[in-house]
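Whatever order the structure lists them in is the order used to number ligands and atoms, beginning at 1.
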Amino acid sequence: MDTLSVRIEPSFDSWRIEARKLLEGSVPPDAVLWTDSSSTQFDLFDSGEPPRKKQEVKISKSYLDLARTVSCHSSPERWGLMYRAAWRMVCNGEKNLLQRPTDSDTRKLLEMAKAIRRDCHKMNAFVRFRKVGEYPHTGREQFVAWFEPSHHIIEYNASFFIKRFTGMDWSILSPEKCIHWDGVKLHTSEGVSKSSAPDEDDLEELWRGYYKSIFNPARLKLKAMQAEMPKKYWKNLPEAELIDELTRHSSNRRDDMIKAESLEPRPAPRNLYLQNLHKNNQDFVVNEPGTIHDKSLDELAELAACCRACPLWEKATQTVFGTGNPEARIMLVGEQPGDEEDIQGKPFVGPAGRLLDEALADAGLDREEMYITNAVKHFKWKPGSANRKRRIHDKANRGEIEACKPWLVAEVMKVQPSVIVTLGNTAAQSLIRKDFRILSERGEVNMGNLIGFPGKIIATIHPSWLLRIRDEAEQQAEFKKFTADLKLCRE
Ligand code: URA
């Protein structure tokens with residue numbers, strides 16, 4: 001087979017134009033060699049015209065959005081991977097490719113997109129603007145920041161800064177590309193070296209003061225801190241200089257805080273309602289007037305956003321409350337949000353969620369009609385052992401499950417589903433019985449009137465357990481059993 005060399009600018013738009021021509025010619029992915037102007041192979045090949053008759057090209061918006069994200073990845077393989085997936089969907093009849101997280105192309109695309117989201121998250125958290133001047137006529141201040149991303153995200157991620165700092169002029173400088181906002185339009189220019197970014201200014205003191213005031217020595221966990229704020233970024237952060245000093249004195253400050261606390265009368269809890277809720281689950285279960293039952297699901301979600309009933313909120317980005325149809329007949333209950341759910345604030349949007357979608361589709365169920373939530377509403381994680389930047393899922397313990405249970409019960413009471421499907425041991429142990437074992441007791445569970453819920457409970461495995469099965473045949477067989485459990489809901 002002849003190889004067609006396709007040269008593009010390293011941008012999504014450039015890839016998209018070429019990919020469309022190739023798809024119209026039904027050119028198979030193995031016949032294409034993608035090179036971009038940042039690649040060393042750039043000048044070695046001639047681009048050719050794709051031959052053959054025209055194929056109609058319809059690419060879903062969700063794939064284009066995913067491909068736009070993946071195009072920012074630093075791997076030179078991304079262009080070929082993006083094309084192969086598009087070709088499989090458009091020319092090879094695999095329309096549902098993206099709903100199959102077990103497929104190796106889908107998995108790679110999703111992993112790359114996840115790496116991009118994490119890089120953007122770091123940029124949003126660690127960019128620090130420094131004031132460099134002021135326009136004499138308009139009085140508008142100018143700010144500059146330096147950031148070194150791991151991927152090509154500077155322009156892709158600009159919208160976050162435009163929204164947040166619309167009213168000021170700013171530039172974000174980086175080695176590959178710089179972006180500049182003038183209050184109206186985003187401009188780009190070539191990358192620069194770190195020495196172009198200013199180091200010191202008045203704002204530094206402000207940042208340091210702020211950081212010192214929010215620094216809580218009792219919560220000092222250096223390792224976790226380094227995992228979230230990798231040393232690579234410390235040099236851009238004025239407050240990082242304080243870390244050594246503050247941590248050296250943290251035991252004194254902690255003792256001072258403990259002493260001060262025992263002398264002063266304790267302030268009333270900011271949110272009495274929540275405190276009561278978590279001290280006494282029974283109040284809440286028996287549906288007394290004035291308890292949480294007067295609240296709507298949206299109000300419950302708002303309250304849960306400031307829940308401090310267990311320590312998991314400290315390391316999580318946000319509370320991930322249930323979502324979906326408030327009048328659903330079927331409610332799915334998972335374990336706890338994972339890394340992606342923690343960032344997006346919605347349950348089951350990561351790899352396990354995608355596998356769940358595939359299983360629901362196979363079982364003839366529509367996710368949109370359901371209410372989906374978790375037994376525990378905060379992501380519990382520990383840093384990876386090989387790669388400490390990775391946040392690895394850590395199982396919630398009994399106390400954490402119990403602390404979160406009032407929220408789950410409130411959701412059940414509000415939605416009043418006919419069927420609850422518990423996914424995995426944690427959900428089943430929260431709602432059914434503390435020592436429930438899914439592998440020996442799965443299926444329909446007769447509960448009587450559990451927590452005032454008269455409907456049916458179906459206990460099944462968790463989709464992330466399926467993702468961990470290495471043997472493909474075994475995985476397929478377990479996947480079928482899972483969809484069979486889900487089909488019980490329809491009956
Ligand atoms: N696993 C869960 O149990 N819940 C989620 O929301 C995501 C992964």
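Under a 4.0 Å criterion applied to the non-hydrogen atoms of His462, ligand 1 contributes the atoms 1 (N), 2 (C), 3 (O). Close approach of ligand 1 to Gly334 is summarised as follows: ligand atoms under 4.0 Å from at least one heavy atom of the residue are 3 (O). When each atom of ligand 1 is checked for a heavy atom of Pro347 under 4.0 Å away, the hits are 6 (O).
The structure places CD of Glu400 at 8.5 Å from CD of Gln336, a figure rounded to the nearest 0.5 Å.
Ranking the protein heavy atoms by distance from atom 8 (C) of ligand 1 puts Gln336 O, 3.7 Å first. Residue, atom and distance of the protein heavy atom nearest to atom 6 (O) of ligand 1 are Phe348 N, 2.8 Å.
Under the 30°/60° scheme for interplanar angles, the aromatic rings of His151 and His73 are found to be tilted.
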Could you go through Trp34 and Tyr83, starting from their C-alpha distance and side-chain angles, then the distance that decides it, and tell me whether this counts as ring pair (Phe, Tyr, Trp, His ring centres under 6.0 Å)?
CA-CA 9 Å; Trp34 291 89; Tyr83 180 68; 5.7 Å; yes

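Using modelled atom types, one side-chain atom of Arg490 and one backbone atom of Ala363 make a donor-acceptor pair closer than 3.5 Å.
Heavy atoms of other residues, nucleotides or ligands lying less than 6.0 angstrom from CD of Glu478 number more than 12.
At a heavy-atom distance under 4.0 Å, atoms from both the backbone and the side chain of Glu335 approach ligand 1.
Closest heavy-atom approach to atom 4 (N) of ligand 1 among the candidates Asn374, Asp339, Leu423, Val333: Asn374.
Taking the ring axis of Phe379 as reference, the NZ or CZ atom of Lys315 does not stay both within 45° of it and closer than 6.0 Å to the ring centre.
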